[in-house]
Peer 1: 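Here's a structure for you.
Count residues from 1 along the sequence.
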Amino acid sequence: MHIIQELLFVIAFGLAVYLFSRKAAQIRRNILLGRDVDLNDQPALRWRNLLLLAFGQKKMFRKPLVAVLHFFVYAGFVIINLEILEIILDGILGTHRLFAPVLGLLYPILIGCFEVLAVLVIIGCAVFLIRRNIIKVERLAQHELDGWPRSDANYILITEIVLMLLFLTMNTADQAMHEAGPFWISGQIAPLFSGLPETSLATIERSCWWLHILGILAFLNYLPYSKHLHIILAFPNAYYADLRPKGKMENMPAVQKEVQLMLQPELAASEPASDVMPKFGAKDVADLTWKNLLDAYSCTECGRCTAACPANITGKKLSPRKIMMDTRDRAEEIGLQINKDGAFKEDGKSLLRDYISEEELRACTSCNACVQECPVSINPLHIILQLRRHLVMEESSAPQEWNMMFSNIENNMAPWKFSPDDRDKWATEMNS
Ligand code: SF4
Ligand code: SF4
């Protein structure tokens, strides 16, 4: 019987790891669809960002109560999962609480700490469910979360509560059978189980053990399809965060050269001729950088960016959270097609217009509030600017007033319609 259980465990574990690795490789491939960009400068500052923003969740602490609850859920979930190591080894070797004799008196203390964290995770998740579904906090109740994103958030919170309850029940049954413990929390509940026959306790303990580990393996494979992927990607995303001062826009060497030639036409003779037309901005995800796509996969859909966005606050159509969700959805759509056909074939769709409209892009004031607010170092503005750049520079699609200003800059080197030769006139008139 033991050998069958061990075999079943090894099959379930191997399958879960294989499926997760396959999806993780697909996500990596989707992210690398983006243009290359070198973000390996200033490693010391990057490591600092990783420790402060991802591990320390520094930006979350602007709202202390939510931050503490989120920290419980995050730390609890990560730390409690250390006990999974014991469960996996028990499953493979057919042992029961393998670490107990090794750790001695330390074992009940360690499991006791995990149990306290489990209770904190349950409290944190319950409060988050209430905030989302009963209080309906504004940024978590917006329409862009209707359907799958809202269900996804609820599924995650409910699953975490169930996993923690299974962990506590498993420990309680074990103690009622005097097989382990005493543990701090489940030790208090164990007397409630004391009237149950040994076989029932053993069934409860084994059922919880199996459901707990199968639930964790299923959750592992749910992660890549969910916003919860941020528990992994927040770390590389914080490391590769943009280190330039906020508001500093990316220079475009091709445009810089054009302006230079306009101001110094004599330089044109020394310029090597080129047939390659430079491409400006981005129309689809492959025109964005891999960091933009990593951003999209790291988004927690928390809506802090949208809550701070002046365009959104004043009723415009723009939501930086939706920009990130749309980018991820489009990258996934292309990824699915690559899975099916082996390579991406033009599908007549693009991020611009099929997902993100011109109206959304034009509503952005480039204020950087979304970048400032994001707890996982995401930059929605960078995507907006690249899409807008494509609209204006590749399609000449801009409001009439902008086009007038652009042609004035091109012809008069100033936003006004006056000739550059007339620029000094105001001074001449003053002297007359
Ligand atoms: S930069 Fe644009 S999207 Fe971001 S907060 Fe400002 S207006 Fe909103
Ligand atoms: S971009 Fe950042 S702030 Fe906006 S929803 Fe995603 S994680 Fe939250």
Peer 1: Which residue, Lys322, Lys316, Arg353, Arg321, forms the salt bridge (charged side-chain N to carboxylate O under 4.0 Å, His left out) with Glu360?
Peer 2: Lys322
Peer 1: Between Trp148 and Tyr222, what is the ring plane arrangement, given parallel below 30°, perpendicular above 60°, and tilted in between?
Peer 2: perpendicular
Peer 1: Below 30° counts as parallel, above 60° as perpendicular, anything between as tilted: where do the rings of Phe114 and Phe167 land?
Peer 2: tilted
Peer 1: Answer yes or no: is there a donor N or O on one side and an acceptor on the other, between the side chain of Arg46 and the main chain of Leu39, under 3.5 Å?
Peer 2: yes
Peer 1: Please check: side-chain N/O of Asn237 versus main-chain N/O of Val376, any donor-acceptor pairing under 3.5 Å?
Peer 2: yes
Peer 1: Hey, what's the ring geometry for Tyr74 with Phe71, parallel, tilted or perpendicular (30° and 60° as the breaks)?
Peer 2: tilted
Peer 1: How far apart are the closest heavy atoms of Arg97 and Asp90, and which atoms are they?
Peer 2: N-OD2, 2.8 Å
Peer 1: Verify the ring-centre separation between Tyr297 and His230: is it less than 6.0 angstrom?
Peer 2: no
Peer 1: Picking from Ile88, Leu163, Leu166, Thr159, what satisfies side chain to side chain contact (heavy atoms under 4.5 Å, CB included) with Ile216?
Peer 2: Leu163
Peer 1: Taking all non-hydrogen atoms of both residues into account, name the closest pair between Ala16 and Leu217 and its distance.
Peer 2: CB-CB, 3.7 Å
Peer 1: Please step through side chain to side chain donor-acceptor pair (under 3.5 Å) for the pair Asn171 and Glu115, ending with a clear verdict.
Peer 2: CA-CA 9 Å; Asn171 286 350; Glu115 289 194 344; 2.7 Å; yes
Peer 1: Which heavy-atom pair separates Pro375 from Lys59 by the least distance, and what is that distance?
Peer 2: CA-CB, 3.9 Å
